[in-house]
Amino acid sequence: MKRANILVVFLTLFVLNGSAQSKKTVSAEEAKMHTFISNLMAKMTVDEKIGQLNLPSSGDITTGQANSSDISKKIKAGQVGGLFNIKGVDKIKAVQKIAVENSRMKIPLLFGMDVIHGYNTVFPIPLGVSCIWDMAVVQKSARIAAIEASASGINWTFSPMVDISRDPRWGRISEGSGEDAYLGSQIAAAMVKGYQGKLQANNEILACVKHYALYGAAEAGRDYNTTDMSKVRMYNEYFPPYKAAVDAGAASIMASFNEVDGIPATGSKWLMTDVLRKQWGFKGFVVTDYTGIPEMIAHGMGDLQTVSALALNAGIDMDMVGEGFLGTLKKSLEEKKVNIAQIDRACRLVLQAKYKLGLFTDPYKFCNTERAAKEVFSPANRQVAREVATESFVLLKNNDNVLPLKKSGTIGLIGPLADNTANMYGTWSVAALFDQSVTVLQGLKNALGDKAKVLTARGANFLADSAMEHRYVNVHNPTYKRDPRTEAEMIKEALDVAKKSDVIVAAVGEGSEFTGESSSVTDIQIPETQKNLLKALAKTGKPVVLVLFTGRPLALNWELQNIPAILNVWFPGSEAGNAISDVLFGDVNPSGKLSVTFPQNVGQVPLYYAHKNTGRPLAEGKWFEKFRSNYLDVSNDPLYPFGFGLSYTSFNYSDVKLSANTLSKGKSITASVTLSNTGKYEGKEVVQLYIQDLVGSITRPVKELKGFQKINLKAGERKTVTFKITENELKFYNSDLKFIAEPGDFKVFIGTNSHDVKEASFTLK
């Protein structure tokens, strides 16, 4: 190695990793990579380096037209570092060929896509997956998504979304893992590992953790809105999943749209450099969200040149769609508003990702046509999707053991989601095969054969108002059609079916696009026209099972009081109908647990279990008490607490046993319970561990999740479930943002959800 190259390598490592990390020994493979990239960059012009920082959307280029597309001119000129929204091996290979054969530097492109919860084989929405509470299952869903996406030429997914959200009005709550930092961190790490593996095989792709940071706490639950919170809250409650993903080796990070401390995240040096790189040691590259750089103009941060320089100075490495970097960085360099070291840093990080993917060795590594035929939407993948979906369902109510249903008699299947292929998938199903999802009707027929009769009626549209429904539903999907009949006509048909049925299955709730990006709402109830249908069905006196489709927590007060059984299925994905039937008929015992609190009404929002006490707390189970922290019109209690989920069997918890009542620094104690299956069915139970710090240097939550185990027990079986507690479970960020455990008294809770727990106490010396 030439001395100049050696100097470049070590200077780069110093800048990327901070002075402490630069002292670490550089592996032979890392040295080889840095030498290769340094030699490559030495030959690149400033324009070509800036080109690597440009991520335009290609649109889905027609096969055979890649070379004549508008984007091809920029690729040939070295002005593109990657593309997204293009899929298919033939199309991607044709575009990659332009980059590696017709551009001066022959640098391969990255190909990204929003593979959020599956590719052609679609898994439940992320909020649904988060209710599984089994990290092996979560990781497996990401692994299959990576296999299918990579078989179609894609090598970079804009997932996982790890934003903590406690506001069901926010449409993108459906894309995340709920309200809790600990559970969210476990899922973030599992998803990254599932997508990336070791980043060596041609079925392992780059993960992109989003949206950094605090996007899920937008004011009023309104998308893209301002976020404002203390740093103590950031570090303790919202940052952990991002950091967990970084610790798991995430290759890329996406900046969020919202502002943080008065500066849009895309322009925040504190977020992108001080926290992400210096504190957490992130070594990958940072990409903006769609047009994130030019959107800072509307935030009031300056013109395009100013905000582009602001983003680069902050630590942004790649500009998605905005082309602010492409159009202004060279001018800013000449005017000394940015420097060449910053451009080199960003370029190096993008090239490094391509190197780690193996694209410099084989730019067509992800373009194997044989893989696509065998590995995409395969029967094996669909079977996994079916199993994952059943584990995501949360049984919210089951009075008089209405469920499981018998495979006999006549079943009335009623509702706008009963036979609706378009809305089985949920939001961000960009590669879904919309005409090949298994509807609820098809699933029931598959399960029943000739054992029972199924009668159907639509019963209602999603919304009464056609113009409003057009705004809400997936109108771009030709498989969805609105029923032109009146509400009264549709309910009459439904009641005719109900009269002939022994039991009614009502498939109602939200459509796929009721949640997701730009889908915030102020009313979180089941739409009125569908509720009118439910009320009419309830009056028949027949048992009604509500199969609830939703991408957010809903206020279900009336439903809880009047419908005997409620099964929340979120949006289950490709195998929706089969999975729903598996659970309805008891072939699978539901085991999902809520990852987010369900409020009684929207006025309680934000409502979450790990809240702080006020100086005038209301005693648990009380309402109303004057001059206490409560409402006049509704109790403080949630409709369904975090961690809640019923089973067809019943579980009993013994009292909590501690191995010791004192925990010394550097030591551990164990907390255990005996879990017994006291019902008639084999089932899975998520045993949850919570801890409360009773006295702190800053106020502490009433309880925090610190562990969980998903246990399978046969009827009559029992098992002792043990958790190890160390100082690590007691640590938090204090007012100086130091991560510490403070000596004092603690409570430990173990139970079936965040509310129904057994407790014990110990002291940290």
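Of all the heavy atoms in Asn258 and Ala213, the pair that sits closest is ND2-O, 3.0 Å. Considering all non-hydrogen atoms of both residues, Ile75 and Ile98 come closest at CG2-CG2, 3.8 Å. Val286 and Ala255 get closest at one heavy-atom pair: CG1-N, 4.5 Å.
Proximity of Val209 to Val192: side-chain heavy atoms (C-beta onward) are separated by under 4.5 Å at one or more points. Residues Ile71 and Leu83 meet the side-chain proximity criterion, which asks for heavy atoms closer than 4.5 Å. At a threshold of 4.5 Å between non-hydrogen side-chain atoms, the residues Lys49 and Leu329 do not count as touching. Residues Leu214 and Met234 meet the side-chain proximity criterion, which asks for heavy atoms closer than 4.5 Å.
Ring centers of Phe239 and Tyr733: at least 6.0 Å apart, outside the cut-off. Side-chain rings of Tyr355 and Phe36 approach one another, their centers coming within less than 6.0 Å. Not less than 6.0 angstrom separates the ring centroid of Trp280 from the ring centroid of Tyr242.
Lys731 NZ: more than 12 foreign heavy atoms inside a 6.0 Å radius. With a 6.0 Å radius and a threshold of 12 heavy atoms from other residues, nucleotides or ligands, Lys365 has its NZ atom above the threshold. Heavy-atom contacts from other residues, nucleotides or ligands closer than 6.0 Å to NZ of Lys106 number more than 12. More than 12 non-hydrogen atoms from other residues, nucleotides or ligands lie less than 6.0 angstrom from CD of Glu101. Around NZ of Lys76, the count of heavy atoms belonging to other residues, nucleotides or ligands within 6.0 Å exceeds 12.
Comment: Lys231 does not engage Asp736 in a salt bridge, judged by the lack of any side-chain N to carboxylate O separation of less than 4.0 angstrom.
Both the sub-6.0 Å distance and the 45° axial angle are not jointly satisfied by Lys354 relative to the ring of Trp156.
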Please assess Arg348 against Asp317 for the test salt bridge (Lys or Arg N to Asp or Glu O under 4.0 Å), listing each intermediate value before the final yes or no. CA-CA 9 Å; Arg348 175 177 291 275; Asp317 305 305; over 6 Å; no
